[in-house]
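The structure under discussion appears below in the form of structure tokens.
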Amino acid sequence: MKAQAILETAQALVAGDKGLLAMDESTPTCDRRFAALGIPQTDEARRAYRELIVTTPNLGRCISGAILYDQTIHQETEAGIPFVKVLIDAGIIPGIKVDAGAKDLAGHPGEKVTEGLDGLRERLAQYAQMGARFAKWRAVIAVGNGIPSRGCIEANAQALARYAALCQEAGLVPVVEPEVLMDGDHTLARCAQITEEVLRAVFGQLAAQGVMLEAMILKPNMVVPGLACGTQPTADEVADATVKCLLRAVPAAVPGIAFLSGGQPSELASARLNAMNVRFKTRVPWALAFSFARAIQQPAMEIWRGEASNVPAAQQALFHRADCNRAARRGEYTAKMENA
Ligand code: 13P
């Protein structure tokens, strides 16, 4: 029963031309983004912002699933409707971030390991009861002098696989997110090499833990150079490097790949996803989709700035970004959409 349900959920998350919306920023991360825009860092401001997102008109046309944060999954609209119900009524599958964040990895300066396995079985059961049908766990891999180490890659891959197995046991689809960070001056080629090594390790561990690949979603970084790298590639070059890497490391049984945006400018993330679908959509075994946070939310947050009167314009901006990424899934995104 559970196996059939998670197979169907995984398919639904990447069906057609829709994608995921990550709105699962932890309180410190959300507050950091609010502070940069002069928005008060209060419980009520965070709740109001999440209400703005989930009540965006027609969001379900573009978004298949939304990833919530623990505090958010317990919240409701000002009118008293639980966010989970608002999402379900909009045709959006509720999901939940279940990791406890990336912590310093002992003995490995500059590297992190994601924690949160203790008590995870019990938490997953509670989230499933609250209506969540999928979950997310993010591992971060920093690139630098001599890093990532094998120890960091293996520790994170094993945690991702143990999380994924627990999710499937609980009837939730695991979104498996190993993120190679964009910080640094590394080249596109180095990102490709590290991303491939990380994905190979992750899929080795997923196999070791008996995770059903057909009932999971991979959420990787695109293969891009570091932000401080002198040479920045075209969208086509990113598409080629990314798909080449995925073809080498991701089994065909996985139904969908939903990229994170990782701090890329919104329009660039859409253009790169579009290039992948233009060039490879009919030639790859998995859906090439999106699971963006910043690349969907950022323009809306900048318009909202904590003011109720800005909500309609912010919602329009949020819908626009979701719609651009939906077009990118079809390979039909153009810069003209930005001026329309
Ligand atoms: P970004 O798209 O902002 O990278 O966030 C995706 C995400 O969910 C990170 O865990």
Side-chain angles (χ1 to χ4, degrees), residues 13-14 19-34 36-37 49-50 53 62-73 92-103 112-116 132 134-143 156 159-160 163-164 167 173-183 191 195 198 202 216-224 226-227 238 242 256-273 276 288-302 317-318 321-322 324-326 328-329:
L13 288 172
V14 293
L20 305 181
L21 167 62
M23 49 177 291
D24 61 336
E25 296 81 5
S26 64
T27 300
T29 301
C30 187
D31 283 353
R32 212 167 42 243
R33 293 184 188 159
F34 278 11
L37 295 170
Y49 177 63
R50 267 66 182 253
I53 295 178
C62 313
I63 298 299
S64 55
I67 312 171
L68 303 172
Y69 176 57
D70 178 67
Q71 186 181 34
T72 317
I73 200 171
I92 298 171
I93 301 171
I96 180 78
K97 183 232 295 288
V98 299
D99 66 65
K103 308 286 158 63
K112 305 261 183 201
V113 64
T114 301
E115 295 189 350
F134 71 103
K136 185 194 98 170
W137 177 292
R138 171 176 179 252
V140 294
I141 308 291
V143 182
N156 278 293
L160 276 167
Y163 139 82
C167 282
V173 170
V175 172
V176 172
E177 180 179 8
E179 175 175 5
V180 177
L181 296 173
M182 285 166 63
D183 303 302
C191 179
T195 303
V198 168
V202 168
M216 63 161 276
I217 302 294
L218 178 69
K219 175 166 174 167
N221 51 286
M222 296 184 192
V223 173
V224 290
L227 286 167
V238 168
T242 302
I257 293 177
F259 294 99
L260 58 93
S261 59
Q264 304 174 64
S266 303
E267 297 179 14
L268 201 50
S270 300
R272 288 167 168 173
L273 178 64
M276 282 187 236
L288 293 169
F290 57 91
S291 177
F292 298 158
R294 281 164 287 181
I296 292 179
Q297 291 184 43
Q298 196 59 29
M301 195 189 285
E302 285 169 16
L318 189 86
R321 286 264 51 89
C324 286
N325 291 310
R326 180 185 176 207
R329 277 213 57 186

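Quick caveat, the model's predicted, so the values are computed rather than measured. Note that ligands are numbered from 1 as they come in the structure, with each ligand's atoms numbered from 1 the same way.
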Please report which non-hydrogen protein atom sits nearest to [atom], along with the residue it belongs to and the distance in Å to one decimal place.
atom: atom 5 (O) of ligand 1; answer: A293 CB, 3.2 Å
atom: atom 2 (O) of ligand 1; answer: S261 OG, 2.4 Å
atom: atom 3 (O) of ligand 1; answer: R294 NE, 2.7 Å
atom: atom 10 (O) of ligand 1; answer: K136 NZ, 2.4 Å

**Study point:** Partner of N325 under side chain to side chain contact (heavy atoms under 4.5 Å, CB included), chosen from L21, I63, I296
**Key:**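 The residue from L21, I63, I296 that satisfies side chain to side chain contact (heavy atoms under 4.5 Å, CB included) with N325 turns out to be I296.
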Check your understanding: Quick check: does any side chain N or O of N156 sit under 3.5 Å from a backbone N or O of K112, one acting as donor and the other as acceptor?
Key ->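 Checking the backbone N and O of K112 against the side chain of N156, a donor-acceptor pair under 3.5 Å is found.
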Checking contacts here: is it the side chain or the backbone of [X] that comes within 4.0 Å of ligand 1, counting heavy atoms only? Could be both or neither.
X: A22; value: side chain
X: K97; value: neither
X: R138; value: side chain

Any atoms of ligand 1 less than 4.0 Å from a non-hydrogen atom of [X]? List them with their elements.
X: K219; answer: 6 (C), 7 (C), 8 (O)
X: E177; answer: 7 (C), 9 (C), 10 (O)
X: F292; answer: 2 (O)
X: G262; answer: 1 (P), 2 (O), 4 (O)

Review point. For ligand 1, is there an atom lying under 4.0 Å from some heavy atom of E179?
Key: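 Not so, E179 does not reach ligand 1.
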Review point. Can you list the residues that meet the side-chain hydrogen bond (donor to acceptor under 3.5 Å, both in side chains) rule with R294, with sequence neighbours excluded?
Key: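 For R294, no residue satisfies side-chain hydrogen bond (donor to acceptor under 3.5 Å, both in side chains) once neighbours in sequence are set aside.
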Exercise for review: Check whether any side-chain heavy atom of Y49 lies under 4.5 Å from a side-chain heavy atom of Q297, and answer yes or no.
Suggested key: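 A side-chain contact exists here, since the closest heavy-atom pair is under 4.5 Å.
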Exercise for review: Would you mind telling me which of K136, R138, K219 makes a salt bridge (charged side-chain N to carboxylate O under 4.0 Å, His left out) with E179?
Suggested key: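 So the option named by the test is R138.
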Exercise for review: Not counting sequence neighbours, which residues clear salt bridge (charged side-chain N to carboxylate O under 4.0 Å, His left out) with E25? List them please.
Suggested key: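 With sequence neighbours excluded, E25 shows a salt bridge (charged side-chain N to carboxylate O under 4.0 Å, His left out) to R33, R50, given in chain and number order.
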Point to revise | From F290 atom CZ to L20 atom CG, the distance as rounded to the nearest 0.5 Å | key: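 Taking CZ in F290 and CG in L20, the distance rounds to 7.5 Å.
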Exercise for review: Output the distance between atom CZ (F134) and atom CD1 (I93), rounded to the nearest 0.5 Å.
Suggested key: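 If we round to the nearest 0.5 Å, F134:CZ and I93:CD1 are 7.0 Å apart.
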